[in-house]
Each structure stands twice: as C-alpha cells, then as structure tokens.
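Can you keep this structure in mind? I'll have questions shortly.
Worth saying up front: this structure is predicted, and the values here are computed from it rather than measured.
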Amino acid sequence: YRYWFVDAFASFPGIPLAPGVELNSFTGGLYYHMKMYNVKPAEFAASTVNCKTASGRYFAPDNSMGLGLMAGIGLQSTGGGNAFNGKINFGLQFATGGGLVSLATWGDVGFFDFNFSAPGLASVGAAMSASPLNENTKSESAVRVPSNASSVSASWFIEYDVSNKTFVGDFDIYMNLAGGLIRGINANDNAGHISIYASPQDWYVYIGKPVEPIGITILDIASASSYLCFGSKLPNPSIAPIPSEINAHIDIDQSLLSTGGGLSFGARLRVEGYPNINLGLCDAEIGLKFLVLAGFDVLLSHANEPVMCG
C-alpha cells in the first residue's frame with residue numbers, strides 16, 4: 001500500500017491578536033496510511049530511512065489508517081515573547097473506511113524568559129558541591145556553566161482514541177532559574193512528568209514516578225522531590241528505592257512490592273556538600289563532607305498474589 005505525509009512550519013514577526021498576545025507561527029500537515037505517535041515507536045528501530053518532521057511528531061506506516069490532518073499556531077506575549085511564548089496544535093485521524101479514529105492536542109509554553117543575576121551564589125554552590133578529594137583528584141573541580149536564559153516551561157500531549165475508548169495525557173514541566181542555580185531534578189532540567197491514562201481495562205494517574213519524581217535541585221547542593229501514583233496499576237517499582245547510604249540498615253521484603261492497583265506516594269530531601277578548606281600552607285587543603293537525608297514512602301495496594309505471613 002502507498003503512504004505519505006507532509007508537514008510544514010512557518011514563523012514570522014508577532015501579529016497582534018488581543019491585548020498582550022501576538023500570533024507568531026503556523027503549523028500544518030496531512031498524512032495518509034500513517035499513524036502519528038507522541039514518542040518514537042518500535043518500528044523506527046528496524047528502519048534504515050528516517051526523516052525530520054516540522055511538527056516534532058513521529059509517523060509510521062499503518063494500512064488501517066486513512067487521512068490524518070493537523071494544524072497549530074504559535075502565540076507570544078507582546079514585545080517579543082519575554083513573558084510567555086508557546087505553541088498549540090490539534091490533530092484528527094480517520095480510518096481507511098471512514099470514521100474518526102482519534103483526536104489529539106499537543107504543544108508547549110515557556111514563561112519568564114528573562115536574564116537573572118545572582119552575584120556570589122554561583123561561587124558558593126561551586127565551593128560547596130565540589131567533588132570529594134582523593135589521591136586522583138585535584139582541588140580544581142568542574143563547575144556548571146550557568147545558562148544566560150532563565151525559564152519555566154511546560155509541554156503536553158493529549159489524545160483520545162475513539163475506537164478503543166482510551167484517553168492518554170502526558171505533561172512535562174521544565175525549570176532553569178537564576179542561571180541554572182535552580183533546576184529541574186531530572187534530565188534536561190525536567191522538574192516533573194505527569195501521566196494520565198484511562199481505558200475500559202485500566203486507569204491511572206502518575207504525578208511523578210518513584211524513579212522519576214517531580215522535584216528541583218538548588219545550587220547542586222540541595223534537592224527536594226516527591227511522587228504520587230494511584231490507579232488500577234502502579235509503576236514498577238511501586239515505591240522509590242531506599243537511598244544507598246541507608247539501604248543496608250533497612251530490611252524490606254521486595255515480594256510485597258509486587259502490586260496491582262492502589263496508591264503510592266513519597267518524598268525526599270537531600271542536602272549534600274564537599275567543601276574544601278584551603279589552609280594556606282603549601283597548597284594544603286582539608287576536604288569535608290556533609291550529608292542530610294530525610295524522606296518517606298507509603299504504599300497501599302491490592303496484592304497480585306495471596307499474602308502469606310508467618
């Protein structure tokens with residue numbers, strides 16, 4: 001069978017739409033006998049031909065799909081988008097024999113895109129978070145280069161599969177403030193991911209996950225994180241791993257953590273530093289270490305197997 005897709009993106013100087021809001025871009029596309037994905041599908045691993053898409057979505061051949069279309073706009077605050085700048089898109093997918101298969105919306109928005117200077121804080125963070133000294137380590141340690149732009153941003157993808165009566169929602173929050181001194185705790189400054197899923201068989205809401213919580217890190221010294229998961233199925237693992245510094249002192253029956261549905265939530269606070277004190281004598285230094293850990297995890301669930309105690 002034949003399949004094809006085309007999408008395009010065009011940006012331009014802001015056109016006033018309403019007080020404080022400007023239009024700055026258009027996105028559009030059509031595709032046939034292909035299915036759109038929010039994340040890269042497994043089929044891509046076997047393909048030797050890959051191409052970039054202007055929309056940022058993924059498309060794979062699917063003979064059961066008919067025509068699909070998408071359209072979107074970009075919006076920004078008046079004056080160049082310093083207060084906010086984002087995109088919102090909509091998509092419709094039809095079956096080969098007609099009838100609506102799915103509808104979706106996705107986009108992103110960034111807030112507070114401003115330059116912020118915090119004199120002295122970067123040097124404090126660098127001094128306190130230096131790597132511990134050992135026989136293979138010099139006193140100079142790598143220091144994160146602060147970003148010039150500070151921002152809080154969010155992205156989302158929401159889809160309803162009409163034929164399977166399935167709703168999927170994915171939301172991400174990113175944070176990089178004060179030149180990188182306050183950042184999201186996960187990769188790429190991600191401060192948290194929220195997943196919502198509902199189908200005739202299962203449903204769940206994950207506000208962070210035990211191994212990918214929502215949280216922030218400050219000065220590369222302190223971090224705070226948490227998660228809340230509930231529904232007919234819980235992520236694996238269902239609670240966050242015990243920190244390695246105290247894991248040896250806590251005996252947990254891991255078989256009890258194999259769960260069906262239920263509720264799990266927890267929080268962590270970690271403050272850690274390796275300040276080096278220069279004695280001023282022959283380049284001598286004293287390396288110190290401090291570590292503060294606090295947290296909790298709660299799991300209320302329906303066990304997959306009968307629980308025997310004795």
*How many angstroms lie between atom CG of N89 and atom CE of M70, to the nearest 0.5 angstrom?*
8.0 Å

*Drop me the distance from Q93's CD to K35's NZ, to the nearest 0.5 angstrom.*
6.5 Å

*Can N186 and E212 be counted as having a side-chain donor-acceptor contact under 3.5 angstrom?*
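Result is no, nothing qualifies.
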
*Give a yes-or-no answer on whether the side chains of S232 and D202 include a donor-acceptor pair shorter than 3.5 Å.*
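The criterion, which ignores hydrogens and geometry beyond distance, is satisfied for D202 and S232.
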
*What do you reckon, is NZ of K209 surrounded by more than 12 foreign heavy atoms closer than 6.0 Å?*
no

*Pairing of D7 and R57 as salt bridge, 4.0 angstrom limit*: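 No.
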
*Would you tell me whether Y3 and D62 have side-chain atoms, one donor and one acceptor, within less than 3.5 Å of each other?*
no

*Can you measure from CG (L234) to OH (Y206) and round to the nearest 0.5 angstrom?*
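Interatomic distance, L234 CG to Y206 OH, rounded to 0.5 Å: 6.0 Å.
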
*Report the residue from D220, N190, N188 that forms a side chain to side chain donor-acceptor pair (under 3.5 Å) with R183.*
D220

_side chain to side chain contact (heavy atoms under 4.5 Å, CB included) between W106 and D170, worked out_ = CA-CA 9 Å; W106 66 93; D170 287 294; over 6 Å; no

*Working to the nearest 0.5 Å, report the span between CG of L300 and OG of S264.*
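That separation rounds to 9.0 Å.
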
_Hydrogens and angles aside, do S163 and D161 bring a side-chain donor and acceptor to less than 3.5 Å of each other?_
yes

*What class does the angle between the rings of F296 and F265 fall in, given that below 30° is parallel, 30 to 60° is tilted and above 60° is perpendicular?*
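Ring orientation, 0 to 90° scale: perpendicular.
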
*Under the side chain to side chain contact (heavy atoms under 4.5 Å, CB included) criterion, do D189 and M175 qualify, and how do the steps go?*
CA-CA 6 Å; D189 298 330; M175 182 178 295; 6.0 Å; no

*In Å, rounded to the nearest 0.5 Å, how long is the span from CH2 of W4 to OH of Y32?*
9.0 Å

*So if you build clusters from Ile, Leu, Val, Met, Phe, Trp, Tyr with side-chain heavy-atom gaps below 4.5 Å, do L181 and I216 land together?*
yes

*For W156, which of N38, T105, D172 qualifies under side chain to side chain contact (heavy atoms under 4.5 Å, CB included)?*
T105

*Single-linkage hydrophobic cluster, 4.5 Å side-chain cutoff, I242 and I185 together*: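 No, because I242 and I185 fall into different hydrophobic clusters, even though each may have its own neighbours under 4.5 Å.
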
*Transitive ILVMFWY side-chain link I207 to L263, under 4.5 Å*: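 They do share one cluster, since a chain of ILVMFWY contacts under 4.5 Å joins I207 to L263.
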
_Atom pair CG (L30) and CZ (F5), whose distance is rounded to the nearest 0.5 Å_ =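 Result: 11.5 Å between the selected atoms.
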
*Do the side chains of V109 and I194 join up, straight or via other hydrophobic residues, at under 4.5 Å, putting them in one cluster?*
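Linked within one cluster.
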
*Might you confirm whether atom OH of Y160 has over 12 heavy atoms from other residues, nucleotides or ligands at distances under 6.0 Å?*
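Count over threshold, so yes.
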
_Shared hydrophobic cluster for L75 and F26 (ILVMFWY, side-chain gaps under 4.5 Å)_ = yes

